[in-house]
A.B. asks: 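Sharing a structure below in structure tokens format, with a few things to ask.
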Amino acid sequence: MKIDDMDAFVAVIRCQSTNLAAEALQLTQPAITRRVQNFEEDLGATLLDRNTKPLKPTPMGLRVYEQCKAILREIDSLRELVANDGAPSGTLRLGVPQTLGDVVLLDALAQIREAYPQLRTQVTSGWGSSLIARMENGELDAAAALFPPGKIFPEGIASQSIARMPLRVVTAKGSAGKRSYKLKDCYTRGWVLNPDGCGFRAGLQRALSEQGLSLSINLETFGTELQLGLVANGQGLGLVPEPLLQTSRHRSALDVLNISDFKPQVDLWLFHPRYLGNLQEPVELFGEVAGHRLLG
DNA sequence: CTCACCGATTCCTCTCACAG
DNA sequence: CTGTGAGAGGAATCGGTGAG
């Protein structure tokens, strides 16, 4: 049994296509087909259901896939063990949602560059869930993202909650009116939120639907600062983690609404593969700086 | 029915190990 | 050094399938 064959099989399942797997492994499609066939022959089992489109694993193929991922991770860690006898070098691939990027990246990248001059950094932006998926695919070395406390993440990924913070509902200065609100009171004002896929938005939507209310969106846009600016201009209500509100240049133009039946919280999570090798220290520094920038 | 796409197969070339 | 066989990968091609 060959590791290359196993690698090809895992790539096919991951990409759901032999063509894409070939592209990922920088081979041609026939090479992938043959490797997977060799692997199936070695194991004496049919691992792919070739009658489906896209290509899917058989029930046994799925079990083999899970086992293969664990084996390949072990092999990676073995290679790192040998290769990591020195200062961190190469490329550190980081993922952050845009919400956090504005706040943490400048400092984090500067400190990593200063501490590990031989290390190149590469940053990817996206929703937390897509960053985790990319990490599972081996495309990222670490990611910081905001998720609700107690969330369960995929087994192959190490997750660590760095800090907990409240989410605040904000409105334009002077438009708050009465001192205490309920969620249904906000209904008519409408919201300025991230596009669909954002965890904050999903949490709000859940809370509203529990009360039989629907989410009324005034504006959808990326970027916390832009959203808070729009809220300050009276375009609707905003939902933002407390630390980002405190550091916003629009803070003085905003009021926080006290909503008695909606007290959402969010954790800052640091994710990385279980085996980091010589990237362990830079990743820890990244988590440390991110936590520090958010919570002071 | 046609076309595009995808996976499998065939045939060829290249590389490497090994025996003589 | 040379010939041979095995193994791996690429180009071309075939066949199946789904969308229009």
Side-chain angles (χ1 to χ4, degrees), chain A residues 1-86 89-93 95 119-120 122-141 143 153-157 194-198 201-202 205 217 220 222 271-279:
Chain A
M1 194 182 298
K2 292 176 188 162
I3 294 166
D4 284 348
D5 294 348
M6 193 185 292
D7 223 4
F9 168 66
V10 168
V12 168
I13 302 295
R14 187 180 287 153
C15 302
Q16 296 191 310
S17 151
T18 50
N19 272 306
L20 294 179
E23 213 171 287
L25 297 180
Q26 296 187 308
L27 293 170
T28 58
Q29 173 258 317
I32 296 293
T33 296
R34 263 193 305 263
R35 282 187 175 189
V36 173
Q37 286 171 342
N38 290 341
F39 191 51
E40 287 182 313
E41 205 176 308
D42 285 336
L43 286 175
T46 304
L47 304 178
L48 294 176
D49 180 355
R50 292 167 170 85
N51 296 317
T52 62
K53 276 193 175 183
L55 218 55
K56 279 190 178 146
T58 59
M60 177 54 77
L62 200 57
R63 290 170 62 190
V64 170
Y65 171 66
E66 292 301 328
Q67 188 80 24
C68 286
K69 281 200 298 184
I71 292 169
L72 291 174
R73 274 198 296 271
E74 291 291 332
I75 290 169
D76 278 349
S77 72
L78 204 56
R79 288 187 174 130
E80 282 168 10
L81 182 74
V82 177
N84 294 337
D85 197 19
S89 59
T91 305
L92 173 65
R93 300 162 303 171
L119 194 64
R120 232 163 48 84
Q122 216 172 62
V123 180
T124 300
S125 232
W127 296 128
S129 48
S130 86
L131 295 176
I132 289 176
R134 295 190 70 164
M135 190 170 297
E136 275 195 293
N137 287 344
E139 295 168 30
L140 290 176
D141 300 309
F153 300 104
E155 210 178 290
I157 288 178
N194 284 323
D196 215 1
C198 163
R201 175 174 166 156
Q205 201 150 12
I217 300 282
E220 273 186 353
F222 288 104
F271 306 98
H272 58 78
R274 296 213 174 276
Y275 303 106
L276 272 168
N278 69 350
L279 295 179

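Fair warning: this is a prediction, and the values are worked out from it, not measured in the lab.
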A.B. asks: What is the separation between atom CG on Asp7(A) and atom P on dG9(C), rounded to the nearest whole Å?
C.D. replies: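 Value for this atom pair: 12 Å.
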A.B. asks: For the pair made of CG in Asn38(A) and C1' in dA6(C), what is the distance, rounded to whole Å?
C.D. replies: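 Atom-to-atom, Asn38(A) to dA6(C), this comes out as 13 Å.
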A.B. asks: Within this structure, what is the CD-to-C1' distance between Gln37(A) and dA8(B), rounded to whole angstrom?
C.D. replies: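 The distance from CD of Gln37(A) to C1' of dA8(B) comes to 7 Å, rounded to the nearest Å.
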A.B. asks: What nucleotide, of dA8(B), dG9(C), dC6(B), holds the atom closest to the side chain of Asn19(A)?
C.D. replies: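 In terms of side-chain proximity for Asn19(A), the closest of dA8(B), dG9(C), dC6(B) is dC6(B).
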A.B. asks: Provide, to the nearest angstrom, the distance between the CZ atom belonging to Arg35(A) and the P atom belonging to dG10(C).
C.D. replies: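 For the pair Arg35(A) CZ and dG10(C) P, the rounded distance is 9 Å.
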A.B. asks: Is any side-chain N of the basic residue among Lys69(A) and Glu66(A) closer than 4.0 Å to the acidic one's carboxylate O?
C.D. replies: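 The answer is yes: the pair qualifies as a salt bridge.
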A.B. asks: Phosphate oxygens OP1/OP2 of dG9(C): is one of them under 4.0 Å from a side-chain N or O of Thr28(A)?
C.D. replies: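 So the side-chain polar atoms of Thr28(A) never come under 4.0 Å of the phosphate oxygens OP1 or OP2 of dG9(C).
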A.B. asks: Side chain of Ser17(A) only, heavy atoms from C-beta on: which candidate in dA8(B), dG7(B), dG9(C) is closest?
C.D. replies: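 Nearest to the side chain of Ser17(A) among the choices is dG7(B).
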A.B. asks: Rounded to the nearest angstrom, tell me the gap between atom CG in Asp4(A) and atom C1' in dG7(C).
C.D. replies: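 Distance, rounded to whole Å: 12 Å.
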A.B. asks: Which distance, rounded to the nearest 0.5 Å, do you find between the NZ of Lys56(A) and the CD of Gln16(A)?
C.D. replies: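 Reported value, rounded in 0.5 Å steps: 7.0 Å.
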A.B. asks: Taking 4.0 Å as the cut-off, does a side-chain nitrogen or oxygen of Thr18(A) come that near to OP1 or OP2 on dG7(B)?
C.D. replies: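 For dG7(B), OP1 or OP2 has a side-chain N or O of Thr18(A) closer than 4.0 Å.
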A.B. asks: Kindly indicate whether the side chain of Tyr65(A), heavy atoms from C-beta on, has any atom under 4.5 Å from the side chain of Arg14(A).
C.D. replies: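 Result yes, sub-4.5 Å side-chain heavy-atom pair found.
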A.B. asks: Quick check on DNA chain C: between Asp5(A) and Pro30(A), whose nearest nucleotide comes earlier from the 5' end?
C.D. replies: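 Counting from the 5' end, the first nearest nucleotide belongs to Asp5(A).
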A.B. asks: Select from Gln29(A) and Arg34(A) the residue whose nearest nucleotide in DNA chain C is closer to the 5' end of that strand.
C.D. replies: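 Of the two residues, Arg34(A) wins.
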A.B. asks: Ignoring hydrogens and angles, tell me if any N or O in the side chain of Thr18(A) forms a donor-acceptor pair with the backbone of Thr33(A) under 3.5 Å.
C.D. replies: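 Checking the backbone N and O of Thr33(A) against the side chain of Thr18(A), no donor-acceptor pair under 3.5 Å is found.
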A.B. asks: Whole Å only: how far is the CG atom of Leu27(A) from the P atom of dG7(B)?
C.D. replies: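 Distance, rounded to whole Å: 15 Å.
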